[in-house]
*Asks:* 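Before I ask anything, here is the structure I am working with.
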Amino acid sequence: MGIIKTRNIGIAAHIDAGKTTVTERILFYTGTTRKIGEVHDGAATMDFMKQEQERGITIASAAISCAWKDHSVNIIDTPGHVDFTIEVERSMRVLDGIVAVFCAVGGVEAQSETVWGQADRYRVPRFAFINKMDRQGADFLDVVKQLDDMLEANAVPYQLPIGAEENLEGIVDLVELKAMYFPEGNVEVREIPAEMKDEVEMWRENLLEKLSEFSDELAELFLEEQEVSSELIHSVTRDCVLKNLFTPCFCGSAYKNVGVQPLMDAVVAYMPSPLNKGTIVGQDIYDSEKAHRRHPEHDEPFSALAFKVITDPYVGQQTFVRTYSGTLKAGDRVLNATTGKTERVSRLLRIKAKDRIEVSEVGPGDIVALIGLKNTYTGHTLCDEKQPILLESLNIPEPVISVSAATATRKELEKLHIALKKMTLEDPSFTVRTDERTNETIIAGMGELHLEIIVDRLKTEFGVEAVVGEPSVEYKETITRAVQHEYRHVKQSGGKGQFAHTIMTVEPNPGNGFEFVNAIVGGTIPKEYIPAVRKGIEEAMDHGILADYNVVDVKVTLVDGSFHAVDSSEMAFKLCGRQCFSEAFKKASPQLLEPIMKLDLATPDDFIGDLVGDINRRRGKVHSMRRYRKGSQKILAEAPLMELFGYSTSVRSLSSGRANHGMEMKNFQPLPENLKEKVLEAARKRLGREE
């Protein structure tokens, strides 16, 4: 199938909206699987990791290829749990469109907003599928309104449900003006029920009115009350979806097999092909100011982005890539533009969840796994050696929680480090470090579940029994005022000594990370030693000054210094840079930053007072409360992560198990001074360090 008949789509949503069930039904109806796998039975095709099957959730984004109405559709089912947000992030970067799934009862949840924001960041065209219309409390039009109110989605219904809750029978298609029923999962087209005719007419008019804003031809027909053909509606809708002008809304119940086939029809009718996605722009690898363009054509130079790495026990490292231009054949050598090294691709695999189908070549718009790459990881660009290009990488979130990991024996410790290294390559939001002072291995991630899965995988996949400590918050260190500091590093120990001298200014750089400015003039420090000074500073930042927390948002200007013709070396300047920065940092009114979490609670009215009081006790702030369903409210709030350990249990007990909540990372904010010493004291004890 040609590039024009290819669709690369993602299924994304809040946890429990039914994404994986939607995907399972798509695979069944496209003939990719012979039987339907159910999430609650641990038999979903896309959830093939043991940890996913046990918990009934999606952890890793899984890719699968299928066909619908002579189109090739590559689908990525992404996780809904906030701890695995990197999986959604990397999928958004390479997809051409997404189907955002919403629960007809839960509506827009906290993680739905995050997913929507990620799609906005990468300008991904999308439409909404309101799922679980068979559940008690389902309300299609209310969720459409929430999409407008909370996500500014400019949501437009393209279907209406026939009945709801236990009376859900089918859907009405507002484009073709026909009713669709799904006996035993098959599609049966009938007349629109007489009692729905007025409602259908009203929403059909709403659809045409919305489309007429974007098409003069359609507006003219609509205003003159002439017939508007379904072909014209399809054409204008496709154009609007490609330009992200509004969000078409569809409905159904994947579990009850209602509405899945029309959803796939909409995917091939309205979603962009790689050709529609158009030219991709990247940087010159030697000059970041210079841009290169690649068109999605076979005769263009090859370019692709690696968005996921999996270590498979049978085939080794699989590197998942999205190709943007040119052709790649098995056995080709490619340049990794991120590292500057070339690699050989030994095999190309098209993915069908657990199954791998070998292919001889791939072209623009394909999503495949490459075998044979040794040093290509998430976010790296692969391209033609003769015509290099560097594509935009991924936004990697900061870890917010950490635990210590240890083993019973030294031999086991080696196995632990090898396993952890493999997992950090697979998941960039998971980090590992060794504390220099205690020699303790610290693993950090996006939440308690994230780290729980890591520890589980250590045991099941790598055979390593890890003993983990209590979870602790990953704070950040920064400064609040500018200072200048001078440090002279002198060591004489017979023979050649060590000499380095630096003067640097450190100042706050809020929101802009680390910035290093070389302001040396007149060669007071030779230019070959400048990178060593920077490396020393970066080492100090990685290991923390106040405790073992990363230093962030600092600008360092190297203003002066001196050297010795014999005793100066890169090592001396690295040590000098590290010590000078550490001492300057302590003088610059340092502070700790703590992770703040966004909370989204849905609760019956009876428990609002108790839950709000609990948030306030946890140093939280309630931002808003709004009607959720009859007799219940949605509370939007924020609170520090350090106060939220065990929060799920608290919510359950305060609401007799009737409230539910979502939690996700919002940002880092200054830790109040009265808590700073307590946190540092705990860190010093953990590190066995005395001030």
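Start at 1 with the first residue, then count along the sequence.
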*Asks:* What residue among Lys476, Gln669, Arg619 forms side chain to side chain donor-acceptor pair (under 3.5 Å) with Glu594?
*Replies:*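 When side chain to side chain donor-acceptor pair (under 3.5 Å) is applied between Glu594 and each of Lys476, Gln669, Arg619, only Arg619 qualifies.
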
*Asks:* Quick one: are Leu654 and Thr603 in side-chain contact, heavy atoms under 4.5 Å?
*Replies:*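 Heavy-atom side-chain distance check fails, nothing below 4.5 Å.
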
*Asks:* When you measure from the centre of the six-membered ring of Tyr324, is the NZ or CZ of Arg322 under 6.0 Å away and within 45° of the axis?
*Replies:*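 The answer is yes; both the distance and angle limits are met.
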
*Asks:* Restricting to non-hydrogen atoms, name the atom on Val483 and the atom on Ala584 that form the minimum distance, rounded to 0.1 Å.
*Replies:*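 Smallest interatomic distance, heavy atoms only, reads CG2-O, 3.4 Å.
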
*Asks:* Within a radius of less than 6.0 Å around NZ of Lys676, do more than 12 heavy atoms belonging to other residues, nucleotides or ligands occur?
*Replies:*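 Enclosed: over 12 neighbouring heavy atoms sit under 6.0 Å from NZ of Lys676.
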
*Asks:* For the pair Gln498 (side chain) and Lys491 (backbone), establish whether a donor and an acceptor sit closer than 3.5 Å, ignoring hydrogens and angles.
*Replies:*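 No.
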
*Asks:* Report yes if some heavy atom in the side chain of Leu599 is under 4.5 Å from a heavy atom in the side chain of Leu644; otherwise report no.
*Replies:*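 Yes, close enough: below the 4.5 Å cut-off.
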
*Asks:* Hey, does Tyr647 have a side-chain heavy atom less than 4.5 Å from the side chain of Arg618?
*Replies:*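 Yes, at least one pair of side-chain atoms sits under 4.5 Å.
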
*Asks:* Any side-chain heavy atom of Leu420 sitting closer than 4.5 Å to one from Leu458?
*Replies:*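 They are in side-chain contact.
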
*Asks:* Are the side chain of Thr247 and the backbone of Ala153 linked by a donor-acceptor contact shorter than 3.5 Å?
*Replies:*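 Pair found, side chain donor or acceptor close to backbone of Ala153.
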
*Asks:* Near Glu385 CD, under 6.0 Å, is it more than 12 heavy atoms from other residues, nucleotides or ligands?
*Replies:*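 Yes, enclosed.
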
*Asks:* With heavy-atom distances below 4.5 Å as the criterion, would you say the side chains of His292 and Asp284 are in contact?
*Replies:*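 Yes, side chains in contact.
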
*Asks:* So which atom in Ile401 and which in Leu451 form the shortest heavy-atom distance, rounded to 0.1 Å?
*Replies:*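 Nearest pair, atom of Ile401 first, then Leu451: O-CD1, 3.8 Å.
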
*Asks:* Nearest heavy-atom pair of Ile525 and Ile530: which atoms, and what distance?
*Replies:*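 What the structure gives for the nearest pair is CG2-CD1, 3.9 Å.
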
*Asks:* If you look at every heavy atom in His501 and Ile503, which pair is closest and at what distance?
*Replies:*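 Of all heavy-atom pairs spanning His501 and Ile503, the closest is NE2-CG1, 4.0 Å.
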
*Asks:* Ser562 versus Thr524: any side-chain heavy-atom pair under 4.5 Å?
*Replies:*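 Counting from C-beta outward, Ser562 and Thr524 never come under 4.5 Å.
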
*Asks:* Can you confirm whether Lys587 is buried at NZ, in the sense that more than 12 heavy atoms of other residues, nucleotides or ligands lie under 6.0 Å from that atom?
*Replies:*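 Atom NZ in Lys587 is packed in, count exceeds 12.
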
*Asks:* Checking side-chain contact (heavy atoms from CB on, under 4.5 Å) between Phe585 and each of Ile479, Val506, Val556, which is the one that passes?
*Replies:*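 Between Phe585 and the candidates, side-chain contact (heavy atoms from CB on, under 4.5 Å) is satisfied uniquely by Ile479.
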
*Asks:* Please indicate whether Arg293 has more than 12 foreign heavy atoms, meaning atoms of other residues, nucleotides or ligands, lying under 6.0 Å from its CZ.
*Replies:*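 Count not over threshold, so no.
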
*Asks:* Would you sort out whether Asp120 and Arg126 count as a salt bridge (Lys or Arg N to Asp or Glu O under 4.0 Å), showing the intermediate values?
*Replies:* CA-CA 10 Å; Asp120 281 341; Arg126 71 211 78 152; 2.9 Å; yes

*Asks:* Evaluate Arg433 against Ser402 for side chain to side chain donor-acceptor pair (under 3.5 Å), listing each step before the verdict.
*Replies:* CA-CA 10 Å; Arg433 67 179 187 274; Ser402 64; 4.9 Å; no

*Asks:* Are the side chains of Leu390 and Thr338 in touch, meaning some heavy atoms are under 4.5 Å apart?
*Replies:*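 A side-chain contact under 4.5 Å exists here.
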
*Asks:* In the structure I gave you, are the side-chain heavy atoms of Ile545 and Pro590 within less than 4.5 Å of one another anywhere?
*Replies:*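 Ile545 does not reach Pro590 side chain to side chain.
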
*Asks:* Looking at every heavy atom in both Ala532 and Glu570, which two are closest together, and how far apart are they?
*Replies:*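 Nearest pair, atom of Ala532 first, then Glu570: CB-O, 3.4 Å.
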
*Asks:* Within the distance-only criterion (no hydrogens, no angle test), does the side chain of Thr441 pair as donor or acceptor with the backbone N or O of Ala406 below 3.5 angstrom?
*Replies:*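 Checked: no pair found.
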
